[in-house]
Number of protein chains: 2
Amino acid sequence: MDVMSRKERERLAHRSEILRAAEKVFALKGFFQTTMNEIARTAEFGTGTLYKFFKSKEDLYFTLIDEKTDEIYTKVQAELTREAPAIERITNVLFFELEFMERNRDFFKIYTSEGGRFEWSIQNECGKKVHEKMVRYIHLLAQVFQQGIDTGELKSFNPLDLAHAFEGIVHSFIFEWLIHPEPYSLVSKAETILGIFLTGAKEGKEEIG
Amino acid sequence: MDVMSRKERERLAHRSEILRAAEKVFALKGFFQTTMNEIARTAEFGTGTLYKFFKSKEDLYFTLIDEKTDEIYTKVQAELTREAPAIERITNVLFFELEFMERNRDFFKIYTSEGGRFEWSIQNECGKKVHEKMVRYIHLLAQVFQQGIDTGELKSFNPLDLAHAFEGIVHSFIFEWLIHPEPYSLVSKAETILGIFLTGAKEGKEEIG
DNA sequence: TCATATTATGAACCACCATTCTTAAAATGG
DNA sequence: CCATTTTAAGAATGGTGGTTCATAATATGA
């Protein structure tokens, strides 16, 4: 049952088109170097039209990030709060993340570049929202690690430290994949990531004799 | 023996003062939001004077990064190419890095924000230089891991993957430390980082014996 | 000290956008 | 079809900030 009028539906469609165009341009040039004009041209709208949907460039930018992060975070959250061994949940989340980034290269370029600008982002009203969501995600992850420790699956490191370490590794693999000139499957790195994170780099002393 | 004239020495001193001021302002506001005017005011020079030392804002920015990275990379490089067990070298480098960042909070804010802007940075002539240095560093690290694998100290993961994972963890701990409101010792996290990286998160099933 | 050369200065210039606003076009509906 | 309302457009506006340059300040050295 469609409760929206044709007008409303069209309006929404136009909004998404603008967001899609913005994503492309922001990913290519970063926030400060993309102009509203260019986004408008890419989306095939007039410049003024953008302001019918978003009250400023910042608003457009953060809305973009906010809606996309929601898309992945809801999925990840569902998996993390499931009833299952911690390692299994972490593994699945890793696959989610990698697969999502593989399908949303542009988005991650924007997302990752947010990392650098925290001073500015965090001051900003919309930026704060995005940042809080990242924090909540890390804490959720830490909670799962805590459970893994409790069940004896994991060593008793500080769970928040584990979460940071895990995200650090994942992030750096995604980053590497992004700047790599010839594309390869990001998901194929999952085994490696898990291997290093779970069993560590050091060769276990195999005291044979 | 001083081969520089007083003039030359003064000129050099002024240059450093400008760089120091720039570091402070860039760290606080990021590249696009700091103005040459503000850097000049901070350094107590006229705006035009900056252009006697640096041909543009970009030049100033990348010179800053370039010279600081040299400072740490030479130290790190010396340690990495030393004759010693791989794990020992990695451990020392980790302490270097953390200690350096602890003394150069501002610099790392700039450095990390470079991560995000790779499209732009890499196109840029000066940016390319900085990027190449990062790549060289990672490869050096990978080489050490390779040696560690050869000597049986480390498991035979792909050494480049190990290097990325290691830097990912370190980076994420530094990042966390940066945004944390009340300061704590970064160096104190070294044990944790090494623990996670070397032995992994999973509780050991005491493989064989 | 004074004439000259050198250097520093910051006001002015100019290009660049985010945003607004007038105008033109398209819906609407009688 | 026409009158009226709604919406889209992109030119015009205003503010900003990197860079330059004419001038002031300072140094030099005779």
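So that the names make sense, note that chain A is the first sequence line, chain B the second, and so on, each numbered from 1.
Between Arg103(A) and Glu99(A) there is a salt bridge, since a side-chain N of the basic residue sits under 4.0 Å from a carboxylate O of the acidic one. No salt bridge links Lys189(B) with Glu176(B); every basic N to acidic carboxylate O contact stays at or beyond 4.0 Å.
Spacing between atom CG of Leu50(B) and atom P of dT9(C) amounts to 9 Å, rounded to whole angstrom units. Across the protein-nucleic acid pair, Arg15(A) atom CZ and dT7(D) atom C1' stand 18 Å apart, rounded to whole Å. Rounded to a whole Å, the CD atom of Glu58(B) is 17 Å from the P atom of dG17(D). To the nearest angstrom, C1' of dA18(C) lies 14 Å from CG of Asp59(A). We find that CZ of Phe32(B) is positioned 11 Å from P of dC17(C), with the value rounded to whole Å. Separating the CZ atom of Phe26(B) from the C1' atom of dG17(D) is a distance of 13 Å, rounded to the nearest angstrom. Rounded to whole Å, the distance from CG on Leu60(A) to C1' on dC17(C) is 15 Å. The separation between Lys29(A) atom NZ and dC17(C) atom C1' is 13 Å, rounded to whole Å.
When each of Phe157(B), Phe173(B), Phe166(B) is tested with Phe197(B) by the rule ring pair (Phe, Tyr, Trp, His ring centres under 6.0 Å), just one qualifies, namely Phe166(B).
Both Phe53(A) and Met36(B) lie close to DNA chain D; mapped to their nearest nucleotides by heavy-atom distance, the more 5′-ward contact belongs to Phe53(A).
Judged purely by distance below 3.5 Å, without hydrogens or angles, the side chains of Arg89(B) and Gln147(B) pair a donor atom with an acceptor atom. Under 3.5 Å, the side chains of Tyr137(B) and Glu167(B) contain a donor-acceptor pair of N or O atoms.
For Ser56(B), the side-chain atoms get nearest to dT19(D) when compared with the rest of dA9(D), dT19(D), dA18(C). Taking only side-chain atoms of Tyr51(A), from C-beta outward, the nucleotide of dT9(C), dT19(D), dT20(C) with the closest atom is dT20(C). Closest contact between the side chain of Lys52(A) and the listed nucleotides dA8(D), dT19(C), dG18(D) involves dA8(D). The listed nucleotides are dA18(C), dA11(C), dA8(D); the one nearest the side chain of His14(A) is dA8(D).
As judged by a 4.0 angstrom heavy-atom cut-off over every strand, Thr35(B) is placed among residues touching the sugar-phosphate backbone only.
Residue Thr49(A) has a polar side-chain atom (N or O) positioned under 4.0 Å from OP1 or OP2 of dA9(D).
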